[in-house]
J.: 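Here you go, one structure.
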Amino acid sequence: MKPCGRLGKLAKYLIHPQYQGHKYLSTSAVKFSKMAGIEAGKKAAAIAAVNNHIKDGQVVGIGSGTTVVSAVQRIAERVKQENLKLVCIPTSFQAKQLILENNLVLGTLEQYPELDVAIDGADEVDAALTCIKGGGGCLTQEKIVANCAKEFIVIADERKDVSVLGTNWKGGVPIEVVDLAYRPVMLQLERLLRGQATLRMAVKKMGPVVTDNGNFLIDWVFDKPGDWAHINTTLKMIPGVVETGLFVNMAKKAYFGRSSGEVHTREPTHT
């Protein structure tokens with residue numbers, strides 16, 4: 001069987017004798033190879049977390065984003081293979097669809113206000129396991145579900161593993177706000193904490209991004225890292241702010257997958 005598509009083209013470059021030992025890979029092929037490595041890392045982290053933290057009889061919080069797709073697929077495999085009895089609580093419309101598509105039992109926080117474990121991705125994670133989340137716009141529901149869980153487990157590829165927030169992630173801290181308050185919040189935010197605040201705009205529709213809760217998102221790009229617990233409290237005290245994408249003192253363990261398939265784990269190191 002011949003490999004097809006972009007992967008087939010990349011494979012042809014890699015195995016052809018003419019190219020062995022030479023730097024003839026096209027830019028697009030190199031980028032595709034890198035992306036394939038990132039996806040391998042995400043999948044490895046997701047599988048390791050599910051294998052280590054999912055047990056029979058649990059109520060499980062299901063996060064949002066690309067990394068969580070692999071986690072849900074692995075959960076579904078284990079449910080089928082081991083006949084696990086689980087209830088899954090979604091953090092977004094996407095998470096709800098993942099649960100249903102994989103034939104898992106869907107629950108709500110009204111039914112199950114206390115969870116055994118929640119598994120979710122992150123945009124960046126520092127040495128203390130403080131996370132920036134919300135690049136996908138689901139931060140409020142993600143934080144509620146994580147807070148309800150006895151264990152909040154983070155899964156990500158190795159790019160997200162940093163000593164200081166802002167090292168690789170340049171999108172800033174997402175902040176969900178009531179729509180009528182977005183402009184006053186932006187002004188107060190910049191006065192109190194400096195940096196730059198922008199209203200997140202939609203890509204395939206006119207106007208701003210609207211969250212699952214019907215609110216707007218502000219992305220605050222900070223000048224420099226600070227006391228994230230204090231910053232989080234300061235942000236939440238601004239009238240109109242619903243929730244922030246700073247997850248402080250919440251994660252119990254993080255799994256970072258590498259392109260090789262190896263997984264590095266970390267627990268909080270408080271500084």
Side-chain angles (χ1 to χ4, degrees), residues 39 42-43 45-46 49-50 53-54 58-79 86-124 131-149 152-157 160 169 171-182 199-219 240-247 250-251:
E39 292 305 314
K42 291 179 179 181
K43 187 171 184 177
V50 170
H53 296 278
I54 300 300
Q58 286 182 328
V59 180
V60 181
I62 302 296
S64 306
T66 56
T67 311
V68 175
V69 174
S70 294
V72 173
Q73 290 171 346
R74 178 55 184 155
I75 290 172
E77 287 176 357
R78 290 195 57 199
V79 166
L86 305 175
V87 177
C88 298
I89 311 298
T91 58
S92 65
F93 178 82
Q94 179 223 11
K96 179 181 177 181
Q97 294 305 111
L98 276 173
I99 292 167
L100 294 174
E101 288 169 3
N102 285 275
N103 298 313
L104 298 171
V105 177
L106 178 68
T108 67
L109 288 177
E110 186 174 18
Q111 297 170 299
Y112 304 94
E114 296 182 342
L115 285 63
D116 295 291
V117 62
I119 297 179
D120 205 348
D123 298 311
E124 201 164 53
C131 305
I132 291 179
K133 290 175 53 55
C138 306
L139 58 117
T140 298
Q141 293 184 43
E142 288 175 340
K143 188 175 279 190
I144 291 170
V145 170
N147 186 63
C148 291
F152 173 45
I153 307 300
V154 175
I155 54 176
D157 64 82
K160 313 299 177 64
W169 175 254
V173 176
I175 303 165
E176 186 163 347
V177 299
V178 177
D179 57 355
L180 65 86
Y182 85 88
L199 181 65
R200 189 182 300 184
M201 304 303 289
V203 176
K204 294 186 178 181
K205 66 175 282 291
M206 299 298 291
V209 170
V210 179
T211 70
D212 285 2
N213 308 308
N215 298 313
F216 289 173
L217 287 170
I218 292 171
D219 291 306
V241 170
V242 177
E243 191 51 86
T244 81
L246 285 170
F247 284 51
M250 296 185 72

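All of these numbers come straight from a predicted model, not from anything done at the bench.
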J.: Is any side-chain heavy atom of T91 less than 4.5 Å from a side-chain heavy atom of I62?
T.: no
J.: Just one of I119, V60, I153, V117 clears the side-chain contact (heavy atoms from CB on, under 4.5 Å) bar with V50, so which one?
T.: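 Of all the options given, the one that passes is I119.
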J.: With distance as the sole test, does D212 use its side chain to make a donor-acceptor pair with the main-chain N or O of S92 at under 3.5 Å?
T.: no
J.: Just how far is it from atom CD of Q73 to atom CD of E77, taken to the nearest 0.5 Å?
T.: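 One gets 7.5 Å once the value is rounded to the nearest 0.5 Å.
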J.: Is any side-chain heavy atom of T211 closer than 4.5 Å to a side-chain heavy atom of L139?
T.: no
J.: Taking all non-hydrogen atoms of both residues into account, name the closest pair between P208 and L199 and its distance.
T.: CB-CD2, 3.9 Å
J.: Considering only residues two or more places apart or on different chains, which pairs with a residue in residues 134-147 satisfy side chain to side chain donor-acceptor pair (under 3.5 Å)?
T.: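 Checked against side chain to side chain donor-acceptor pair (under 3.5 Å) - neighbours excluded - the pairs reaching residues 134-147 are K133-E142, T140-E176, Q141-N213, K143-E243, K143-T244.
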J.: What I'd like to find out is whether the side chain of L217 reaches to under 4.5 Å of the side chain of V177, using heavy atoms alone.
T.: no
J.: Might you point out which heavy atoms bring G61 and V145 nearest each other, and give the distance in Å?
T.: CA-CG1, 3.7 Å
J.: Measure across L115 and Y112 and return the closest heavy-atom pair with its distance rounded to 0.1 Å.
T.: CD1-O, 3.4 Å
J.: Is the backbone of D116 close enough, under 3.5 Å, to the side chain of Q58 for a donor and an acceptor to pair up by distance?
T.: no
J.: Kindly give the heavy-atom pair with the smallest separation between I99 and C88, and that separation in Å.
T.: CD1-CB, 3.7 Å
J.: Can you tell me if K96 uses its side chain to pair, donor with acceptor, with the backbone of P90 under 3.5 Å?
T.: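 Such a contact is absent between K96 side chain and P90 backbone.
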J.: Side chains of L98 and L104, heavy atoms from C-beta outward: is any pair under 4.5 Å?
T.: no
J.: Answer whether the closest heavy-atom distance between the side chains of N102 and I75 falls below 4.5 Å.
T.: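 They are not in contact (no side-chain heavy atoms under 4.5 Å apart), so the answer is no.
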J.: Any side-chain heavy atom of V210 sitting closer than 4.5 Å to one from F216?
T.: yes
J.: Are the side chain of D157 and the backbone of K42 linked by a donor-acceptor contact shorter than 3.5 Å?
T.: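 Checked: no pair found.
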J.: Does L86 reach the side chain of V79, with side-chain heavy atoms less than 4.5 Å apart?
T.: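 L86 reaches V79 side chain to side chain.
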J.: Search all heavy atoms of S70 against all heavy atoms of A46 and return the closest pair with its distance.
T.: CB-CB, 3.7 Å
J.: Hey, is the main chain of G135 close enough, under 3.5 Å, to the side chain of R200 for a donor-acceptor pair?
T.: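 Looks like yes, one N/O pair under 3.5 Å.
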J.: Short question: side chain of D123, backbone of K160 - any donor-acceptor pair under 3.5 Å?
T.: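 Not confirmed, D123 side chain does not pair with K160 backbone.
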J.: Could you walk me through whether V59 and E114 satisfy the side-chain contact (heavy atoms from CB on, under 4.5 Å) test, starting with their C-alpha distance in whole Å, then the side-chain angles of each, then the deciding distance to 0.1 Å, before giving a yes or no?
T.: CA-CA 8 Å; V59 180; E114 296 182 342; over 6 Å; no
J.: Just wondering, do D120 and V68 contact through their side chains at under 4.5 Å, heavy atoms?
T.: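 V68 reaches D120 side chain to side chain.
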J.: Give me the atom names and distance for the closest heavy-atom approach of A251 to C131.
T.: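 Closest pair (atom of A251, atom of C131, distance): CB-SG, 4.5 Å.
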